[in-house]
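Numbers here are sequence positions counted from 1. All values below were derived from every heavy atom in this structure, side-chain atoms included, with hydrogens, water molecules and symmetry-related copies excluded.
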Amino acid sequence: MNYIMAHVTREPAFDISSMHTRYMIRYILRYPQPQLFLSFLFGTGSSVVFGVFNLSLIRFITTELTRGYFLEHNEAKYTERRERVYTCLRIPKELEKLMTFGFFLCLDAFLYVFTLLPLRVILALLRLLTLPCCGLSGSRLLQPAQVCDVLKGFIMVICYSMMSYVDYAMMYHLIRGQSVIKLYIIYNMLEVADRLFSSFGQDILDALYWTATEPKEKKRAHIGVIPHFFMAVLYVFLHAILIMVQATTLNVAFNSHNKSLLTIMMSNNFVEIKGSVFKKFEKNNLFQMSNSDIKERFTNYILLLIVCLRNMEQFSWNPDHFWVLFPDVVMVIASEVAVDVVKHAFITKFNDISADVYGEYRASLAFDLVSSRQKNAYTDYSDSVSRRMGFIPLPLALLLIRVVTSSVKIQGSLSFMCVLLFYLGMITLKVLNSIVLLGTSCMFVKEANMEEKLFDPPPSAVSSRCKQITRIPLASDNSQTANMAESPAPTLPKSDSDTFLTTPDEDDDDKIINADTGLEGDGLKHRAPKKDLLEIDRFTICGNRID
């Protein structure tokens, strides 16, 4: 008892207002009894074990209530945080500018199939028919562009005749009889298959065009035009069937009573945020993702148009039924826009990418349009859009023609006159859209100071296999000069859209890459330098990932 009172009556040896947490824990362990600790903390005598508080506690509370701090002592940190907030706020505006510009680019390539392509095919066929009368003025029967147009026209005609044997109603009822979870899995599988078809389909079409227009004096290194043509027909037909199944599944979701399937399909967009936001992205990866989002949004608009046409046909084109579908259409579009905005906002935040990068993306897309209008252009603009965004208009246009011809019945001279007027209206829309896009693209190219690149000679279409998969020559001007200076072996120039970066199969996600030197953290393995945006297409591998 004397030991206890001796400790109780002792004066406190410290001031609680300046006590650190670890000293507090030390004294608590020293005095396990609460009475002893409180007497040591507050009391100056044995009579104040639970008495009046000492001034030290009052000073502690006063300090907690009045203490301050100065944010300007870490000005750089808080300025950076504020800029990140401003960047996130700018993302929706900059992203929608890119999406709008990309949408009209896809619309221009899509309308080309319906408007100018048939006219160009007719002109090419007339040239063939009048060739015996006019004589052969040159070494070619048709120009390379005309040969490609004729091939596209034949592919569309043959595939449309094959699509006429596909029963849309039977497909609809077959899909409607499946369970909700099966339809959800089927829809996800169709999205993956669509990306795979798009990645390989444009290669098939490019191989056909080059095989048909390759100069004859070169050594034959292909299987022939006819096998390539049948491969292209098979691809376009299968891809059109795949998009038809996608549209049918979406139609079943719209017509379901409880809308559960539509809700599940929309929630799949939000799953995309989880798979994209928390991964490392560079500027080239974000460019690929932006192109993919543009293509996906335009394709969804066409699918929604097909769904509305099929439903309006079933209800005898009653306008009241359109307003029944309208809320679901708006809900799908709004969810797609919201997911894109949130995804891009957090990707730019986590990877410290400025919102100004979307202006560079617009300039790169505009450069494709402007360069395709030059005399020394080496590709058609619709094919350039296909390579850059992965958007191939032929299967989608074929499906839309099939749905429209089966939904709208044309009978009588008045109906044919309406079709003619509609076709003239589409041509007018195509021409106006092309003029506005060309002027806007020239402005974007001028703002980005890319006029000099327009006068560069077109790259040679030389394809070769690289034996070393860790290093390959690139097509950019600066990197090509550096590579020629480093090694005596000549490097082969490649097309802007066809240059692929081959990476090792190992998982290098955990390795740190120096952005300036292109070297890994250990400095033992060399990495190829970064590519320019003009060399990045939809299916170029950037940094061990493809989006």
Side-chain angles (χ1 to χ4, degrees), residues 84-110 184 187-188 190-191 194-195 198 243 246-247 249-251 253-254 259 261-279 281 285-308 322-351 353-362 365 385 388-391 396 433 437 440 538 547:
R84 287 184 180 181
V85 174
Y86 291 164
T87 299
C88 289
L89 295 179
R90 289 178 55 197
I91 288 300
K93 178 182 177 181
E94 298 296 328
L95 178 63
E96 289 307 315
K97 284 183 180 179
L98 176 64
M99 289 291 177
T100 303
F101 183 69
F103 172 81
F104 284 105
L105 291 179
C106 293
L107 179 64
D108 189 71
F110 191 65
Y184 174 70
Y187 193 79
N188 288 335
L190 291 175
E191 286 188 346
D194 179 63
R195 294 187 179 186
S198 299
I243 300 176
Q246 274 187 296
T249 307
L250 188 61
N251 195 6
F254 268 75
K259 306 294 182 181
L261 178 59
L262 184 61
T263 305
I264 293 175
M265 292 169 61
M266 289 175 54
S267 65
N268 190 37
N269 293 331
F270 292 92
V271 176
E272 184 181 354
I273 298 179
K274 178 182 177 182
S276 302
V277 166
F278 302 105
K279 292 182 179 179
F281 273 80
N285 297 115
L286 187 59
F287 185 41
Q288 287 180 318
M289 174 171 285
S290 302
N291 292 334
S292 176
D293 292 337
I294 294 172
K295 177 253 181 183
E296 182 180 358
R297 187 177 294 189
F298 184 82
T299 304
N300 288 338
Y301 290 160
I302 301 299
L303 293 180
L304 291 174
L305 176 62
I306 292 174
V307 169
C308 292
F322 174 76
W323 299 110
V324 176
L325 297 173
F326 186 74
D328 295 333
V329 173
V330 172
M331 185 170 56
V332 172
I333 296 176
S335 65
E336 186 73 26
V337 173
V339 167
D340 290 341
V341 169
V342 173
K343 179 176 63 177
H344 283 263
F346 281 97
I347 286 177
T348 53
K349 177 184 182 298
F350 292 151
N351 295 274
I353 300 176
S354 174
D356 298 331
V357 73
Y358 293 100
E360 300 179 18
Y361 297 162
R362 289 199 307 269
L365 296 178
V385 172
R388 183 74 73 180
M389 300 183 184
F391 172 70
L396 197 60
N433 187 43
L437 279 179
T440 307
R538 174 63 186 87
D547 300 298

Novice: Please tell me if the side chains of F281 and Q288 come closer than 4.5 Å, counting only heavy atoms from C-beta onward.
Specialist: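 When only atoms from C-beta onward are counted, Q288 and F281 do not touch, as no gap falls below 4.5 Å.
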Novice: Starting from the C-alpha separation in whole Å, work towards a yes-or-no answer on side chain to side chain contact (heavy atoms under 4.5 Å, CB included) for I347 and M289.
Specialist: CA-CA 11 Å; I347 286 177; M289 174 171 285; 3.6 Å; yes
Novice: CZ/F110 to CG/L396 distance, rounded to the nearest 0.5 angstrom?
Specialist: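 Reported to 0.5 Å precision, the distance equals 4.5 Å.
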Novice: Do the side chain of S198 and the main chain of D194 share a donor and acceptor less than 3.5 angstrom apart?
Specialist: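 Here the side-chain-to-backbone pair exists.
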Novice: When rounded to the nearest 0.5 angstrom, what distance separates CG in L105 from CD1 in I294?
Specialist: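 Separation between the atoms: 7.5 Å.
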Novice: Return the minimal non-hydrogen interatomic distance between V324 and D328, and the atom names on each side.
Specialist: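 Minimum heavy-atom contact is O-OD2, 4.4 Å.
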Novice: List the atom of H344, the atom of Y358, and the distance in Å for their closest heavy-atom pair.
Specialist: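 Shortest heavy-atom contact: ND1-OH, 2.8 Å.
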Novice: For the residue pair R195 and S292, what are the closest heavy atoms and their distance?
Specialist: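 Taking R195 first and S292 second, the nearest heavy atoms are NH2-OG, 4.3 Å.
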Novice: As an exercise, state the distance from CG of L250 to CD1 of I306, rounded to the nearest 0.5 Å.
Specialist: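 Reported to 0.5 Å precision, the distance equals 9.5 Å.
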Novice: How far apart are the closest heavy atoms of S290 and L98, and which atoms are they?
Specialist: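 Answer, listing the atom of S290 first, then L98: CB-CD2, 3.7 Å.
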Novice: Does some side-chain heavy atom of F391 sit less than 4.5 Å from a side-chain heavy atom of N291?
Specialist: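 Of all side-chain heavy-atom pairs linking F391 with N291, none is under 4.5 Å.
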Novice: Considering all heavy atoms of both residues, which atom of F101 and which atom of R362 are nearest to each other, and what is their separation?
Specialist: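 Shortest heavy-atom contact: CE2-O, 3.8 Å.
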Novice: More than 12 non-hydrogen atoms from neighbouring residues, nucleotides or ligands closer than 6.0 Å to CZ on F103, yes or no?
Specialist: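 Yes, CZ of F103 has more than 12 neighbouring heavy atoms, counting only those of other groups under 6.0 Å.
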Novice: Would you say the side-chain atoms of S276 pair up with the backbone N or O of I273, donor to acceptor, closer than 3.5 Å?
Specialist: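 Absent.
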Novice: For atom CZ of F350, decide whether the heavy atoms of other residues, nucleotides or ligands shown that lie under 6.0 angstrom number more than 12.
Specialist: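 Counting neighbours around CZ of F350, more than 12 heavy atoms of other residues, nucleotides or ligands fall under 6.0 Å, so yes.
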Novice: Could you report the tightest heavy-atom contact between L95 and D340, atom names first, then the distance?
Specialist: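 Between these two residues, the closest heavy atoms are CD2-O, 3.5 Å.
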Novice: So, the side chain of T440 versus the backbone of L437: is there a donor-acceptor pair under 3.5 Å, distance only?
Specialist: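 A pair under 3.5 Å: no.
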Novice: Starting at CG of D356, measure out to OG1 of T348 and round the result to the nearest 0.5 Å.
Specialist: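 D356 CG to T348 OG1: 11.5 Å, rounded to 0.5 Å.
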Novice: Would you say that I91 contacts K349 through its side chain, given a criterion of any heavy-atom pair below 4.5 Å between the two side chains?
Specialist: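 Not in contact.
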Novice: Find out whether I243 and L303 are in side-chain contact, i.e. whether some heavy atom of one side chain is under 4.5 Å from a heavy atom of the other.
Specialist: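 Yes. Closest side-chain heavy atoms under 4.5 Å.
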Novice: Looking at Y301, I'd like to know if its OH atom is crowded, meaning that more than 12 non-hydrogen atoms belonging to other residues, nucleotides or ligands lie closer than 6.0 Å.
Specialist: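 Yes, the 6.0 Å shell around OH holds more than 12 heavy atoms from other groups.
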Novice: Mind checking the CG-CG spacing from L286 to N351? Nearest 0.5 Å is all I need.
Specialist: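 Result: 8.0 Å between the selected atoms.
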Novice: Roughly how far, to the nearest 0.5 Å, is the CE atom of M389 from the CZ atom of F287?
Specialist: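 Separation between the atoms: 7.5 Å.
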Novice: Tell me, do E94 and V357 make a side-chain contact under 4.5 Å, heavy atoms counted?
Specialist: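 Counting from C-beta outward, E94 and V357 never come under 4.5 Å.
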Novice: Is any side-chain heavy atom of Q246 closer than 4.5 Å to a side-chain heavy atom of T299?
Specialist: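 Q246 does not reach T299 side chain to side chain.
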